Each structure stands twice: as structure tokens, then as C-alpha cells.
Number of protein chains: 2
Amino acid sequence: MRRDSRLSGVLHILLHMAQQPGPFTSETLAKAMDTNPVVIRRIMAGLRELGYVRSEKGHGGGWTLACDLSKVTLRDVYTALGSPALLAMGNRTKAPGCLVEQAVNAALDQAFGEAEALLLSRLGKVTLAMLAEEFRKRLGSRKHQGLRAHGA
Amino acid sequence: MRRDSRLSGVLHILLHMAQQPGPFTSETLAKAMDTNPVVIRRIMAGLRELGYVRSEKGHGGGWTLACDLSKVTLRDVYTALGSPALLAMGNRTKAPGCLVEQAVNAALDQAFGEAEALLLSRLGKVTLAMLAEEFRKRLGSRKHQGLRAHGA
DNA sequence: TCTCATGCAACTTTATATGTGACATAACTC
DNA sequence: GAGTTATGTCACATATAAAGTTGCATGAGA
């Protein structure tokens, strides 16, 4: 199954933005992510609606962080993306007349539900500020390199 | 994201097989699942390799249960399917040089890993026998109908 | 007015689960 | 042995969704 990497991608963007103030164009961000500017705009749209970022047109425009990083959790970001499916597996049918299928669905739903709940709970406990801090720690332990976040 | 329903499907098949002894042809099972015989053979192949079911060709052939239902867990069945991805989301890149990405991946992997572990653990605690029992309970509480598993 | 940037819609590409057809093989019946 | 019935398997078609791409409208600043 192909895996959705939008959450991973948007977090990457946000953390990069947290490293320096200025507005970032979609093209700049796209290059850092090795993707297309339109893809950036797409995954940022949800964040803008929830007020986590702002976007401005024209000269000197681009994307700007507009939230307190310590108040936004990974779960918030996930929600901003439209709460896409978390699990790669699901039931064959939703409301089957078949009793066997009902029994199977009930068992799977139980397990699936618990896993989803745990995942959301974990995502809800990690803030963007914590991720930024984690990044700085990693940066500190890399003596041999400058301030560039990218590259070997 | 399209959701993988093979686990749901194969469990459905196994429970149906548990209701009566005889060998079942792929075509019979396919009709109960509203799908194609080849699909049945495909998802049953892994189970056969692990010895959970047997298949025989020719007259009177078909699929037969070959395991103790109380000894096979949903996790075993999942493994027999080839352990497909559990989560719909994943990291953008595996071993990034970018430190930001590393920090993001570490945080997500932590949350994803815990959710996967919980899910596998839950699946490992449910046996096919438990599902069959659950089915019988549901059947019992449906006074108005005969022994047919399917239908309203 | 020109340039730069986002906003957005439509299309292409890609990956994967699923569905289908064709044919070889094996086992049973006659 | 011939015919029938089943699986085994390959190859290809279809459906869906993420991801990438193109084009153009819109708005902001120089």
C-alpha cells in the first residue's frame, strides 16, 4: 500500500520555517522538500485555514508561521490535513448482513480503534516546539558542519 | 487512501469454513465474498504455506481448515498475508541527511511504532476460535432466522 | 505596468489493491 | 485413457488515491 507522507512533509516544512523568520515562497520550500510548489500550497492550505500559518501574495510574499509552536501538536497538524485515514487496513464492508462478517468487523474494529486512539493520543502529546528543540539537539551534536540543515 | 481489506476478507472466509467441515471450492467462497475465485486463491496461498489450510485439486477438491482454531490468532493470519503495511501514513524519506527530517521521522516513528505494536498485540490476543464463538453468539440472538449465515 | 507570489482547477503519473481471462496441472470418475 | 473439476499461476484490466505538473487568474509590491 502506498503510504501517505503529507504529515511527514508538512512537519518538515514547518520546522524549517521555525529556523528563520522571513516569509518562505512555495518554491523555496518545494526545493527543500524536493517536490513541487503546488504540492506545498496544497498541504499548507489546511494549516492556513486553521490559522497556523499565513500566506501573502506578491513581492516579498510567501508563507509565515502564525502560531505558538508550543501550542500546536502533531495531532493538530494532522487534523489540519483533513484527518486522512490512519490505518492501511479496513473492513471489507461497513454494515454487512452476514453475521460472520459482523463478528469479524467487531473484532477488527476493536483493535483498529484502539490503535488509532493511541496514535492520535501520542501525536497530541508532541508539539512543534518539542520537535524544533529535538532538531536543535541534533544540530548541536553534529560538530563537523555549519548551520545548514540539509546536506551531509 | 484505499484500504487493504485482505485481512477482513480472509477472516470472513476462515470463519465460514469453520461452520461446516467439507472442502470449499474457491468459487463457493468467492460467491460468499462477492468476489472472484482467483482472489480467494491469492489470499489463501499464504495461509496454506503456513499450514493453516490445505488445498486439493480435482473432484471433491477445494479448501479445508488444517489448524486448531484456538491456536491461530488474527496476528498469525495477518502474518500469513505477508504482513502488509498497517499504517496509512509513513515518513517521506527513510534515512534523510536533513536533520529536520530526522527529528520529524524520529517523532513520527515513535508514535507510529507504538500504534503498530499495540495493534499487533491486540490481533495476537484474538484467536479464530474466539471469533467463531462470537459468531455463534450473534447467531443465537437472532431468533427469527435459520442457520444461514448470510442474508437479512 | 511589470514582476512575483499565491489560489485554484484540470490533467498526468505512479503505486497498489482488486478483478478477470487464459491456460497448465493435478486428481477424481467413467 | 478421456473427460471433468478443481487449484496454480501468469498476464492484463480496472479503480482509487497520492503525488507531480501545467496553465491561468488574482492580488501585492516595485
Side-chain angles (χ1 to χ4, degrees), chain A residues 1-10 12-13 17 22-49 52-66 78 81-93, chain B residues 1-10 12-13 17 22-49 52-66 78 81-93:
Chain A
M1 161 117 9
R2 185 163 199 174
R3 268 152 126 178
D4 186 342
S5 65
R6 280 175 294 180
L7 180 58
S8 170
V10 79
H12 190 178
I13 292 175
M17 290 174 66
F24 300 82
T25 67
S26 300
E27 193 169 347
T28 301
L29 295 174
K31 264 176 192 143
M33 299 264 306
D34 195 42
T35 181
N36 195 289
V38 178
V39 175
I40 302 292
R41 296 191 187 111
R42 209 136 63 188
I43 62 183
M44 295 290 275
L47 296 190
R48 183 185 51 222
E49 278 171 29
Y52 300 149
V53 296
R54 259 195 322 265
S55 67
E56 308 214 50
K57 295 182 175 180
H59 263 290
W63 299 89
T64 322
L65 284 175
Y78 163 76
L81 290 178
S83 306
L86 291 174
L87 298 181
M89 322 189 65
N91 288 325
R92 225 169 46 84
T93 58
Chain B
M1 162 126 356
R2 183 159 199 178
R3 266 150 127 182
D4 186 342
S5 65
R6 280 174 293 181
L7 180 58
S8 170
V10 79
H12 190 178
I13 292 174
M17 289 175 66
F24 300 83
T25 67
S26 300
E27 192 168 349
T28 301
L29 295 173
K31 264 177 191 142
M33 298 267 304
D34 196 41
T35 182
N36 193 288
V38 178
V39 175
I40 302 293
R41 296 190 188 114
R42 212 137 58 188
I43 60 184
M44 294 291 273
L47 296 190
R48 183 186 51 223
E49 276 171 31
Y52 300 150
V53 296
R54 260 195 322 265
S55 68
E56 308 215 49
K57 295 183 175 180
H59 262 293
W63 299 90
T64 322
L65 284 175
Y78 162 76
L81 290 178
S83 306
L86 291 173
L87 298 181
M89 322 189 64
N91 288 325
R92 225 169 48 84
T93 58

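Note that these values count all heavy atoms, side chains included, but never hydrogens, waters or copies made by symmetry. Since the structure is predicted, the reported quantities are computational estimates derived from the model, not experimental observations. First the proteins, then the strands, lettered A, B, ... as listed; each starts at 1.
For the pair A:N36 CG and D:dG23 C1', the computed distance is 12 Å after rounding to whole Å. Distance, A:L86 CG to D:dA18 P: 13 Å, rounded to whole Å. The distance between atom CD of A:E27 and atom P of D:dT22, rounded to the nearest whole Å, is 13 Å. For the pair A:R3 CZ and D:dA18 P, the interatomic distance rounds to 15 Å; values are reported in whole Å. Rounded to whole angstrom, the span from the CG atom of B:L81 across to the C1' atom of C:dT16 amounts to 15 Å. C:dT6 atom P lies 12 Å from atom CZ of A:F24, rounded to whole Å. Spacing between atom CG of B:D4 and atom C1' of C:dT16 amounts to 9 Å, rounded to whole angstrom units. One can place CZ of B:R6 at 11 Å from P of C:dT16, the figure rounded to the nearest angstrom.
B:H12 is listed as a side-chain neighbour of A:R92, based on a closest heavy-atom distance under 4.5 Å.
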Set out, in order, the CA-CA distance, both residues' side-chain angles and the distance that settles side chain to side chain donor-acceptor pair (under 3.5 Å) for B:S8 and B:S5, then state yes or no. CA-CA 5 Å; B:S8 170; B:S5 65; over 6 Å; no
Applying side chain to side chain donor-acceptor pair (under 3.5 Å) to A:T64 and A:R54, what does each step give before you reach the verdict? CA-CA 5 Å; A:T64 322; A:R54 259 195 322 265; 4.9 Å; no
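Distance check, rounded to the nearest 0.5 Å: NZ of A:K31 to CG of A:N36 gives 11.5 Å.
The main-chain N or O of B:P84 is found under 3.5 Å from a side-chain atom of B:Y78 such that the two form a donor-acceptor pair. Formation of a donor-acceptor pair under 3.5 Å by the B:N91 side chain with backbone atoms of B:T93 is not found in this model.
Contact annotation: A:S55 side-chain N/O to C:dG7 OP1/OP2 distance is under 4.0 Å. Between B:S5 and the phosphate of C:dT18, there is a side-chain N or O to OP1/OP2 separation shorter than 4.0 Å. Listed pair A:T25 / C:dA5 fails the phosphate criterion, with no side-chain N or O lying under 4.0 Å from OP1 or OP2.
Comparing A:T35 and B:W63 by the nucleotide of DNA chain D whose heavy atom lies nearest to each, the residue mapping closer to the 5' end is B:W63. Nearest-nucleotide mapping onto DNA chain D: of A:K57 and A:G60, the residue sitting toward the 5' end is A:K57.
Of all non-hydrogen atoms in B:P37 and B:A30, the two that sit nearest each other are N-CB, 3.5 Å.
Across all strands shown, B:R54 has no heavy atoms under 4.0 Å from either base or sugar-phosphate atoms.
The side chain of B:H59 has D:dT5 as its nearest neighbour among D:dT5, C:dG19, D:dA19.
Contacts between residues 39-47 of chain A and DNA chain C, defined by a heavy-atom separation below 4.0 Å, involve A:R41, A:R42, listed by number.
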